[in-house]
Q: 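Below is one structure. I have some questions about it.
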Protein chains: 2
Amino acid sequence: MSSKNRSVTLKDVSKLANVSPATVSLVMNGKPGVGAETRERVLQIAEALEYRPNLVARSLVNGRSKLIAMLISSTRNPMFPELAEGVDQALKARGYTLSIIPTGDDEKLEARELGALRYRGFDGVITSSTLINNRELHKLVESGFPVMSVLRRDYSCKNLDYVVLDGIKGGYIAMEHLIRLGHQQIGIIKGPQETSTGIERLKGALWAMADYGIQASDPLIRGGDFFSASGYAAVMDMMRLPPRESPSAIYACNDDMAVGAFDALWDLNIKVPEDVALVGFNNTAVTALKSVAITTVSLNKIEMGRQAADHLIDIIEQEGGERQPFAVMLKPELVIRKTCGFSQMGRYLLEKIKEEDKRIFP
Amino acid sequence: MSSKNRSVTLKDVSKLANVSPATVSLVMNGKPGVGAETRERVLQIAEALEYRPNLVARSLVNGRSKLIAMLISSTRNPMFPELAEGVDQALKARGYTLSIIPTGDDEKLEARELGALRYRGFDGVITSSTLINNRELHKLVESGFPVMSVLRRDYSCKNLDYVVLDGIKGGYIAMEHLIRLGHQQIGIIKGPQETSTGIERLKGALWAMADYGIQASDPLIRGGDFFSASGYAAVMDMMRLPPRESPSAIYACNDDMAVGAFDALWDLNIKVPEDVALVGFNNTAVTALKSVAITTVSLNKIEMGRQAADHLIDIIEQEGGERQPFAVMLKPELVIRKTCGFSQMGRYLLEKIKEEDKRIFP
DNA sequence: AATATCAGCTTAAACGTTTAAGTAGAATTG
DNA sequence: CAATTCTACTTAAACGTTTAAGCTGATATT
């Protein structure tokens, strides 16, 4: 069918319409300075030829590509899908398109990708994989490139805009929940301390413990890396403690580790929540499954992505204006499911009764 | 710090090096025709100025942007993360960057986005959300734009390259597994019949039933849309059938629906696998959880993404050559977990024991 | 020694837009 | 009616590359 594959250009339209390319450009961009009839004619011809402006050429001249990069740790990070959905919603609404750049939380790669953003033609970047004290990010921000940090942030980067969750509050309410249910020996599986989320979610929990006069015992606080395996290992370890030192509840600083913990408890034949309570963080999709039902701290990831993207575009599009800092801190909410007891009480009693039955009627 | 934000260009380098821009271009691209000393000098100056070629300008002249689009239904589709990981691996290795375009499986939007790909400057597209008989896709392929279909395909689109899973075989082995475990009344939760996956996974299962002489009963075959809620609804419905018509096993054409089914069985207090066996499809992350452990059909999503991306780039980069069709069909494997019995045996023994009990202690 | 070949450069056009500056003619003004 | 302002255009430069074609002087060929 198609012989020559060159697409229709501004010039093609201008020739057919007997006007200069400049005029066509004015028409296509709805700018004034063109007579009504001419405008109409050009529009019709453009329509007929199915003319579409070449965005690459346009980018070159006005230095805007309408391309936004999203730096993430991995597409498999369970936060990513919803975050990206929010970002995509906002971008689509304003005519931008989204590129994703997974970095695997590899510092080198992240630095390289950050440095490459500008000359690759991106208009701005949303980064969700920021580690604390990221020099390259620093440089990028200082150079005036539009950057929005989401989920995590870098305290050391003064001019970095962000929209994050209040991790301290989140950690606080998670821990408070466990304490109020009567737990005194509480295990904590930390996140990496090079991330703001890792730091804050721990800090909040420790605050709650302090407020309620509960001793935080060192052997119950374990390092984790936000991946499920580290949660599994941490629990396997904790549970080796002598019974009176072992936890009756565990707070994992994210859901992945909570799921790992859940699996470990399962393997150890420890009943959740009857024997050990568990609370996670992020309200990731898995936690909502009926057979998992992990109590967790929820945050609106879609909203977070949307706000970040929307404001990033604001920044990009308001050229001259003094750029004032943008910092949003969303509020966490506790989602109470089944891993912390209470609702399980009924079931627990039921089983006790069954056991009695068996003894009485063997 | 930074006053003027214009980045370093080829010209800046050429001026400092006292050569023409053309020479710098040759050097930067490692092309011949430049003397050793000159080359060295240019390289050093470029290095010193931190010169990076402007990819937008480059794209404009050689018509290649090194941008690949990936059309997906949603970032929340559980297949997406791994698929994208594979794609990203291949793209990164060859210097391309990935844009994702969620379409929500909305036909209009998908058509629009497909049509826009070329003038947005993409070099090619990987589509995983293709519905059957997609006119716009047809047009795009016929126009010679590099397209690779992954996961799903469109039978009606003759020149569409693809890398997919053998869905028929997958459906077959899933169903065969249930049959071999002794099930005769098997419920099926279908996928949408406008997708190749929906069609094939059903067809394969029906073949297996036919091969083993098992009647497929209409009320046990329910429509689904690949989302969890439809699996839930299907099971709720099926289980309302009179006991002798209700299924002892269920085959869901994807894991999302299997999870929905799992939840429904949970709510109905029907034990899996003791009372009803369940098999899913895709080997999605959730199914591997210890407390879920759904038996499912596995496919290597990362590999699938990688192959698709890799070959797409091959197509893009071999300009002239006759483009011959590329079609890969990966082999499915059954991942046996805990939702299909084997405990069937346990149940059998248990019932025998109960009967004995009743006789002895009436 | 005249000619061909070649390495090592430069020139200039091209890619498809946008936009500042220019122009011709019509309309408005004093 | 001459001067001014507008309107509706056009011209041409610019964005930052690539690349075909051209040029120059040196080396190789006959």
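Reminder, nothing fancy here: chain letters follow the sequence lines and each chain counts from 1.
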Q: Rounded to whole Å, please give me the gap between CG in B/L60 and C1' in D/dG16.
A: 9 Å
Q: If I take atom NZ in residue A/K15 and atom P in nucleotide C/dG16, what distance separates them, rounded to the nearest angstrom?
A: 11 Å
Q: For B/L26 and D/dA21, give me the distance from atom CG to atom P, rounded to whole Å.
A: 15 Å
Q: In whole Å, what is the span from the CG atom of B/L55 to the C1' atom of D/dC15?
A: 15 Å
Q: Among the candidates D/dG16, C/dT17, C/dT18, find the nucleotide nearest to the side-chain atoms of A/N29.
A: C/dT18
Q: May I ask you to say what A/V19 touches in the nucleic acid, namely base, sugar-phosphate or nothing, with a heavy-atom cut-off under 4.0 Å?
A: sugar-phosphate
Q: Base, sugar-phosphate or nothing for B/S25? Non-hydrogen atoms, less than 4.0 Å.
A: base
Q: State whether B/E136 and B/K139 are salt-bridged, where the test is any N-O pair (Lys NZ or Arg NE/NH1/NH2 against Asp/Glu carboxylate O) under 4.0 Å.
A: yes
Q: Nearest whole angstrom, please: distance from the C1' of C/dT18 to the CZ of A/R64.
A: 14 Å
Q: Any salt bridge between B/D123 and B/R118, counting N to O under 4.0 Å?
A: no
Q: Does a side-chain N or O from B/K31 land closer than 4.0 Å to OP1 or OP2 of D/dT18, or not?
A: no
Q: Would you kindly give the CZ-to-P distance between A/R39 and D/dT7, to the nearest whole Å?
A: 13 Å
Q: When you match B/L10 and A/R41 each to their closest nucleotide on DNA chain D, which lands nearer the 5' end?
A: A/R41
Q: Regarding B/S59, tell me which of base, sugar-phosphate or nothing describes its non-hydrogen contacts under 4.0 Å with the strands shown.
A: nothing
Q: Whole Å only: how far is the CG atom of A/N54 from the C1' atom of C/dG16?
A: 6 Å
Q: Cut-off 3.5 Å, side chains only: do A/S129 and A/D105 have a donor facing an acceptor?
A: no
Q: With a 4.0 Å cut-off on heavy atoms, is B/P32 in touch with a base, just the backbone sugar-phosphate, or nothing at all?
A: nothing
Q: Looking at A/D88 and A/R306, is any side-chain nitrogen of the basic one under 4.0 Å from a carboxylate oxygen of the acidic one?
A: no
Q: Distance check needed: D/dC9 C1' versus A/M28 CE, whole Å only.
A: 18 Å
Q: Determine whether a donor-acceptor pair (N or O, by modelled atom type, separation under 3.5 Å) exists between the side chain of A/S65 and the backbone of A/S59.
A: no
Q: Could you check whether A/S20 gets within reach of a base, just the sugar-phosphate, or nothing at all, counting any heavy atom under 4.0 Å?
A: base
Q: Of all the nucleotides listed (C/dT10, D/dC15, D/dT10), which has the minimum atom distance to the side chain of B/A22?
A: C/dT10
Q: The side chain of B/N62 is closest to which nucleotide in this list: D/dT18, C/dT11, C/dT17?
A: D/dT18
Q: Looking at CE of A/M70 and OG1 of A/T127, how far apart are the two atoms once the value is rounded to the nearest 0.5 Å?
A: 9.0 Å
Q: Quick one: is B/Y51 getting a side-chain N or O under 4.0 Å of the D/dT17 phosphate, OP1 or OP2?
A: yes
Q: Respond yes when some side-chain nitrogen or oxygen of A/T38 is under 4.0 Å from OP1 or OP2 of D/dC9, and no when none is.
A: yes
Q: Remember a base hit wins even if backbone is also touched, and classify A/G33 as base, sugar-phosphate or nothing at under 4.0 Å, heavy atoms.
A: base
Q: According to a strict under-4.0 Å criterion, is B/T9 in side-chain N/O contact with OP1 or OP2 of D/dC15?
A: no
